[in-house]
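Written out below as structure tokens is the structure these notes cover.
Numbers for residues simply follow the sequence, beginning at 1. Source: prediction; values computed, not measured.
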Amino acid sequence: GIRGPASSADAEATGESPNNGVGVIDWWRFNQNRFARVGPLYYLTALIAAPAFFLGYGYINPAKDGLFVIPVFVTLIIPLSTLICFVLGSPIVGPAWTISTLASFWVCFPTWMPRIQRMTDGEIVRAIVQCYYLQLSLAVGLFFIVIVFTQSFWIAFSAATMNPFSRFPLFLMGMLAAVLCMRSEDALPWPQACVPTWFPKCCPHRDSVETPHDHPERDSEKSWGSVAVSASLQLLIVTLIVSGLDALARAFGSKGILGALWFQAIVPFAQLTVVVALTRDGGLSQASAWLRTSIAQWLGQCSLSMYLIHLPVIHTLLLAIHGPLQWPAKDANDSEHEEFKRKKLLPLWGIPVAIIISLCLAGPLEYWVGTPLRNYLRSSSNVLRFL
């Protein structure tokens with residue numbers, strides 16, 4: 001059957017309450033917890049990024065686009081930049097676009113989750129496959145349609161890979177898989193792949209969806225452990241190959257192979273399979289063993305702070321190297337424009353420096369800012385004081 005929260009503690013943490021097996025989620029409570037999780041780090045890293053951003057290392061010219069600062073702050077305070085396709089500018093912290101996209105998903109989560117919980121296993125499996133091919137079609141299709149009309153790679157790329165509407169099927173895949181894993185205490189029905197772990201087979205009809213007991217040998221902890229290891233290795237190797245080919249193509253003067261577009265549209269099912277496999281392998285696989293090491297656990301806990309702080313660290317390093325950056329004038333020659341672009345790129349020796357600094361800052365940001373404020377903001381009255 002469909003299960004509600006596992007315990008009253010879980011319900012309190014998620015804003016969920018059991019109602020005939022379907023979790024009824026309190027919208028305010030749920031989004032309050034999401035804000036408590038990301039809000040403090042989101043705003044703090046924006047403050048850290050501001051000096052370098054307004055001294056020439058952002059995407060606006062401070063001397064020319066002074067009034068554009070207003071919409072920049074609007075999209076910073078209210079994370080909706082990806083929803084409106086960056087019409088009012090990007091966040092001061094580049095990676096914070098992810099928070100903007102997730103915020104739109106979180107608004108919908110309390111409404112969609114009960115609907116998914118009412119679905120049968122077969123309906124969920126088919127929906128995962130349908131959502132996969134829908135997000136793949138939207139990502140690739142939107143990019144080429146938008147670029148024809150705008151002639152802008154950035155607008156087309158952001159519409160295809162960052163906009164909440166184009167990526168919503170991806171979010172649904174995660175929700176669907178989560179409900180399936182929580183519901184299936186024994187064998188787990190899962191879409192078969194026509195290419196190992198990469199492309200799920202289409203299963204539009206009920207008869208083409210395997211029931212949990214069709215192939216019980218495939219649902220053992222050992223078999224799921226093998227899936228977790230093999231899929232993880234495939235993802236790692238192919239990601240390195242695609243990144244290498246893209247970098248090689250850029251080195252020879254082209255714009256790359258567009259790996260950031262088509263590759264991230266292809267990998268979601270393989271990534272989701274890894275996550276699901278790790279919930280079914282009983283902790284016996286090598287992938288599970290590595291992810292339970294102290295360093296992997298620490299990286300996971302500090303991943304948000306590391307992700308948000310790495311670009312401000314890069315820009316601050318560039319500011320220390322070159323000082324405030326003067327944008328080229330309209331009549332500047334090509335060499336001046338090239339020199340300007342060069343100064344906005346981190347030299348090779350700066351890459352390990354930026355990684356080390358980001359790692360050193362991630363822990364304090366998480367443990368001294370993120371965790372304490374997260375616990376504080378779980379109270380509604382404290383959220384209102386914070387705002």
Side-chain angles (χ1 to χ4, degrees), residues 80-87 90-91 94-105 108 112 124-177 190-204 208 231-232 234-276 307:
L80 296 175
S81 56
T82 56
L83 184 64
I84 55 177
C85 295
F86 302 105
V87 170
S90 302
W97 72 264
T98 307
I99 307 300
S100 177
T101 301
L102 287 173
S104 299
F105 294 158
C108 302
W112 279 85
I124 289 178
V125 171
R126 288 194 298 276
I128 290 173
V129 176
Q130 291 162 358
C131 284
Y132 172 79
Y133 286 105
L134 178 58
Q135 67 82 32
L136 177 62
S137 303
L138 284 172
V140 178
L142 269 177
F143 175 82
F144 289 105
I145 292 172
V146 174
I147 203 169
V148 166
F149 289 97
T150 65
Q151 298 298 306
S152 169
F153 174 87
W154 169 248
I155 294 176
F157 182 74
S158 61
T161 64
M162 303 178 188
N163 187 277
F165 291 109
S166 64
R167 304 314 279 161
F168 190 65
L170 191 67
F171 184 68
L172 282 180
M173 286 176 65
M175 294 174 63
L176 290 160
W190 189 247
Q192 290 183 300
C194 48
V195 177
T197 72
W198 293 90
F199 298 95
K201 288 183 179 179
C202 295
C203 50
S208 62
S232 298
Q234 288 179 48
L235 281 169
L236 176 61
I237 293 169
V238 178
T239 299
L240 291 174
I241 292 173
V242 172
S243 300
L245 290 174
D246 198 67
L248 189 63
R250 291 174 185 273
F252 283 94
S254 78
K255 292 185 178 180
I257 60 173
L258 295 180
L261 169 70
W262 58 264
F263 187 57
Q264 71 167 298
I266 288 174
V267 298
F269 181 70
Q271 292 172 328
L272 188 61
T273 299
V274 171
V275 174
V276 170
Y307 174 67

Nearest heavy-atom approach of L261 to A160 is CD1-CB, 4.1 Å
When rounded to the nearest 0.5 Å, the distance separating CD1 of I241 from CG of L236 is 9.5 Å
Heavy-atom closest pair (V146 atom, A159 atom, distance to 0.1 Å) is CG2-CB, 4.3 Å
Exercise. Can you check whether F263 reaches I257 side chain to side chain, under 4.5 Å on heavy atoms?
Worked result: no
Value for CG (N163) from CH2 (W97), rounded to nearest 0.5 Å, stands at 10.5 Å
Value for CG (L258) from CD1 (I147), rounded to nearest 0.5 Å, stands at 7.5 Å
When rounded to the nearest 0.5 Å, the distance separating CG of L240 from CG of L245 is 11.0 Å
For the pair F157 and F153, name the ring-plane relationship: parallel under 30°, tilted 30 to 60°, perpendicular over 60°. parallel
- Where does the angle between the aromatic ring planes of F269 and Y132 fall among parallel (under 30°), tilted (30 to 60°) and perpendicular (over 60°)? perpendicular
If you count every heavy atom of other residues, nucleotides or ligands that lies below 6.0 Å from F165 atom CZ, does the total exceed 12? no
### Under 3.5 Å donor-acceptor, S166 side chain and A139 backbone
no
When rounded to the nearest 0.5 Å, the distance separating OG of S104 from CD1 of I99 is 11.5 Å
Is the shortest side-chain heavy-atom distance between L172 and F105 below 4.5 Å? no
- prompt: With side chains defined as the heavy atoms from C-beta onward, is the minimum distance between L272 and W190 less than 4.5 Å?
  reply: yes
I124 and L176 have their tightest heavy-atom pair at CG2-O, 3.5 Å
Side chain proximity check, M162 to R167, heavy atoms < 4.5 angstrom | no
Interatomic distance, CG@L134 vs CZ@F168, rounded to 0.5 Å, equals 11.0 Å
inquiry  = Is there a side-chain contact between V274 and Q271 in this structure, where contact means two heavy atoms from C-beta onward sitting under 4.5 Å apart?
reply    = no
Here the pair of heavy atoms bringing A260 nearest to Q264 is O-NE2, 2.6 Å
Are P200 and I128 close enough that some pair of their side-chain heavy atoms sits under 4.5 Å apart? no
Taking A265's backbone N and O only, do any of them form a donor-acceptor pair with Q135's side chain (distance below 3.5 Å, no angle check)? yes
When you compare the side chain of L136 with that of W262, does any pair of heavy atoms fall below 4.5 Å? no
